[in-house]
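Read the structure below first, then the notes.
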Amino acid sequence: MKIVMVLLLILCGSATATEDKYVFASEERAATFRELTHELRCPKCQNQNIADSDAVVAKDLRDKVLSLVNDGKSKQEVIDYMIDRYGYFVHYQPPVTPATIILWVLPVLIVVIGFGFIVFRQKKASRKQTWSSEDEQKLAKLIQQYQRREQ
Amino acid sequence: MNRKLLGLIPFLIFILLCVFLYQGLFGNPRELQTGRIGHTMPSFTLPDLMDEQKQWQDKDLIGDVYLLNVWGTWCPTCIAELSYLTELKEQGVKIIGLYYEQAYDPDFGDQFDINKLRAEVQAMLARTGNPYQFNILDLNRTLALDLGVSGAPETFLVDKKGTILLHHTGDINQRVWRSKFAPKIMELTQ
């Protein structure tokens, strides 16, 4: 049994070693490639990034990202290249357009309106109260009552 | 009066949320707005599926309204739509095939047998009807990538100047044709 386990472990080792088939000129480019493959979305297996997906198109996109990065393209240039072909869907960061502006504006708007509402209510509540001599007498009576109970 | 209106706000938010979520039930997440719509066909030079001597270029396709149908014999939905596409061809629609070879990847040491593929395609088209004027072989899926193709079947509608007007993901059937393609083609021919 132990021998089988050891053999399996060795097999695992070789499986992870094969992942390093991508060769880069610099560590910086390797980092850009890693970031891009995690940020770009697979158009076929939706909700997976292209690093994660096994779809043919994800492999093609990874290869394309690799060749673009190795050509010295910047991160933004690669993203634009992909958006040109696959649309905004391919990038996990949605662009600010008239259709998507609500994503940024709505949370801020809700907070601002909420605070405005609270402040407005407090002001209104404090304005309503007028203090008359009648209220003064009522208050004095109440104080007296409670004082007696305490004794 | 004011208080009543304020009380209605949560209800209104609830209704809006309901409408939003209800719409989501019928949305098709595969229906993507890809980047090439409104642009001209990307330039390419690719061989004919049946004759590697014949090279097709983007320039060769200009001058006609046509459908570019991305397909492969490995794709069941593509096979299912072939007979409807053949009907369309008989009605006079020009259809060009872009053969999307899924299984080929030189990184994995895949061997590619063009003769076997040709025999397979011919046998398939003999069974279902052949809608294609010709087929372009995109072995490395480079044109597919430039077009924003994510799989098969996908179909592009291209006008006389080579501008891409529609990108449809999934099969073409009578419903899709009538609602999506026919109105655009009517516009073009008028």
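The sequence lines fix the lettering, A, B, ..., with proteins before strands; numbering per chain opens at 1. None of these values were measured; they are calculated from a predicted model.
Under the 4.5 Å side-chain heavy-atom criterion for ILVMFWY residues, no single connected hydrophobic cluster contains both B/L147 and B/I62.
Here the straight-line distance linking atom CD1 of A/I113 with atom CD1 of B/I9 works out to 8.5 Å at 0.5 Å rounding. Summarising the geometry, atom CZ belonging to B/R141 is positioned 7.5 Å from atom NZ belonging to A/K59; distances are rounded to the nearest 0.5 Å.
For B/L145, the parts sitting under 4.5 Å from any heavy atom of chain A are the backbone and the side chain alike.
Other residues, nucleotides and ligands contribute more than 12 heavy atoms inside 6.0 Å of the CG atom of B/D113. No more than 12 heavy atoms of other residues, nucleotides or ligands sit less than 6.0 Å from atom CD of A/E28. No more than 12 heavy atoms of other residues, nucleotides or ligands sit less than 6.0 Å from atom CD of A/E134. Counting non-hydrogen atoms of other residues, nucleotides and ligands closer than 6.0 Å to NZ of B/K160 gives a total of 12 or fewer.
Per-residue counts of heavy-atom pairs under 4.5 Å with chain B were compared for A/L61, A/D63, A/D60; the largest is that of A/D60.
Side-chain atoms of A/Y86 never come within 3.5 Å of backbone atoms of B/D146 as a donor-acceptor pair (strictly under, hydrogens ignored).
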